[in-house]
2 protein chains.
Amino acid sequence: MADEESQPQIRTTSEAWESLFRTQVAVMRRMQQLPEFKKLAMREYDVLFNLSHCPTGWTRLNELNEALLISQPSLSRMVERLEAKGLVQRRTAERDQRGIEIALTEEGRALQQEIGRVHVRHLHEMLAPALSEEEFRQLQFLTDKLRTGIKDR
Amino acid sequence: MADEESQPQIRTTSEAWESLFRTQVAVMRRMQQLPEFKKLAMREYDVLFNLSHCPTGWTRLNELNEALLISQPSLSRMVERLEAKGLVQRRTAERDQRGIEIALTEEGRALQQEIGRVHVRHLHEMLAPALSEEEFRQLQFLTDKLRTGIKDR
DNA sequence: TGTCAGTAGATGCAAAAGCATGTAAACTGA
DNA sequence: TCAGTTTACATGCTTTTGCATCTACTGACA
């Protein structure tokens, strides 16, 4: 009765998820203490990071919200604060007058890059000893596939 | 110059991490909306879950804190609230009069199990279509290995 | 045995988060 | 074209979080 591509058991999926989740916690706990996040909270950096990866530069607020774990009102106010710090700029969307688009300012982009460079290095020092090149690639393959395959319900 | 077990490239580790992280965000965002977390916030459930997995039943506060992303004062107060709700109980540690040990109450254990049962099922519905049994096992293997291999610095 | 650095957790206070709701624009379908 | 619904974001208010600091206890060593 064994299939090559069997449906996963409940136990298997939940154990894999728990392991992934605990790993994320372990890494994040260490990351929080790194010096690069004294300047800017990790959640705020995450916003800048997301903005830096947007091809046009401008992103809709609701779209950005989907990539983050915070609520819509919280993001709204976080953007307000980031704007006050001069790190992002906002404008109303052309096609939809309800919408807001935001983008990094020059200063914001510079800060993101500054933190990003250091951070990638620290991350590498932290993680690299744990797995081989090939294993990291497998991990990425699996998490990419998992993320894109999640059922939306 | 190619090794079988080559040291990972910076790019490989950071891309794998980002993929893992984004996957975690995607799953958590969907989880937050599930009905089982109307009763109890996810972070609070996480505390109950951790307690339910402790072999002796009692856990030191600082030990518990290591498994969570919140700060020590926040945990301190969260436990206070959980105690007020009758879900956990606390006592001073025998060997170390500074320390606090906490454990689930009967009510807390019951609630954890109730939420847990439903939650595991929802999680399975959400994730199972994305990967095969074998792939979930690989994913767990890799995340376990990554978590235990993180350099502490 | 007394001092002193280190650790565990609590607490005052300010910042940030979430929930419920408000406002305004966009869609929908008679 | 216009009532009714939905969507995007803002805002009032409460709860939760974090930082800095405090207190109490421990453990090391002179």
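Per chain, numbering begins at 1; letters A, B, ... match sequence-line order.
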Worksheet item: Could a donor-acceptor pair under 3.5 angstrom be found where the side chain of Arg98(A) meets the base of dT7(D)?
Response: yes
Fill in: Residue-phosphate contact under 4.0 Å: Arg43(B) side-chain N/O, dT17(D) OP1/OP2
yes
Worksheet item: Starting at CD of Gln72(B) and ending at P of dT23(D), how long is that distance when rounded to a whole Å?
Response: 16 Å
Worksheet item: Can you tell me how far P of dT17(D) sits from CE of Met78(A), to the nearest Å?
Response: 15 Å
Discussion item. Under the criterion side-chain contact (heavy atoms from CB on, under 4.5 Å), I'd like the reasoning laid out for Gln72(A) against Ser76(A): C-alpha separation, chi angles, the key distance, then a yes or no.
Written reply: CA-CA 6 Å; Gln72(A) 174 269 312; Ser76(A) 196; 4.0 Å; yes
Worksheet item: Do the non-hydrogen side-chain atoms of His122(B) and Arg30(B) ever get within less than 4.5 Å of each other?
Response: no
Item to complete: Using a cut-off of strictly less than 4.0 Å between a heavy atom of the residue and any atom of DNA chain C, enumerate the qualifying residues of residues 54-70 of chain B by number.
Response: Arg60(B), Leu61(B), Asn62(B)
Fill in: Interface limits on DNA chain C, where chain A has a heavy atom under 4.0 Å of a nucleotide atom
dA16(C) to dA26(C)
Item to complete: In sequence, state the C-alpha distance, the side-chain angles, and the governing distance for His119(A) and Met31(A), and then conclude on side-chain contact (heavy atoms from CB on, under 4.5 Å).
Response: CA-CA 9 Å; His119(A) 181 51; Met31(A) 271 172 47; 3.4 Å; yes
Discussion item. Looking at dC19(D), I'd like to know if its phosphate oxygens (OP1 or OP2) sit under 4.0 Å from a side-chain N or O belonging to Arg77(B).
Written reply: no
Response to the item:
Nearest-nucleotide check on DNA chain C, Glu80(B) vs Arg81(A); residue mapping nearer the 5' end is Glu80(B)
Fill in: Rounded distance [0.5 Å steps], CD1 in Ile102(A) versus CD in Glu63(A)
10.5 Å
Worksheet item: Would you find a donor on one side and an acceptor on the other, under 3.5 Å apart, between the side chain of Thr23(A) and the backbone of Thr143(B)?
Response: yes
Worksheet item: Would a 4.5 Å heavy-atom cut-off, applied to side chains only, mark Arg11(B) and Phe136(A) as touching?
Response: no
Item to complete: Using a heavy-atom cut-off of under 4.0 Å over every strand shown, decide if Gln97(B) touches base, sugar-phosphate, or nothing.
Response: sugar-phosphate
Worksheet entry | Nearest-Å distance for atom pair CZ/P, residues Arg90(A) and dC9(D) | 10 Å
Item to complete: Would you sort out whether Gln140(A) and Ser19(B) count as a side-chain hydrogen bond (donor to acceptor under 3.5 Å, both in side chains), showing the intermediate values?
Response: CA-CA 6 Å; Gln140(A) 185 180 348; Ser19(B) 178; 5.2 Å; no
Response to the item:
Nearest-nucleotide check on DNA chain C, Gly99(B) vs Gln32(B); residue mapping nearer the 5' end is Gly99(B)
Worksheet item: Do the side chains of Leu111(A) and Leu34(A) join up, straight or via other hydrophobic residues, at under 4.5 Å, putting them in one cluster?
Response: yes
Worksheet item: So, is Ser74(B) near the phosphate of dT17(D), with a side-chain N or O under 4.0 Å from OP1 or OP2?
Response: no
Discussion item. Whether Asp144(A) and Arg147(A) form a salt bridge (side-chain N of Lys/Arg under 4.0 Å from carboxylate O of Asp/Glu) is what I want to check.
Written reply: yes
Worksheet entry | Whole-Å gap separating P (dC19(D)) and CZ (Phe37(A)) | 14 Å
Worksheet entry | Value in whole Å for how far the P atom of dT15(D) lies from CG of Leu40(B) | 17 Å
Item to complete: Send over the distance from Asp96(B) CG to dG27(D) P, rounded to a whole Å.
Response: 7 Å
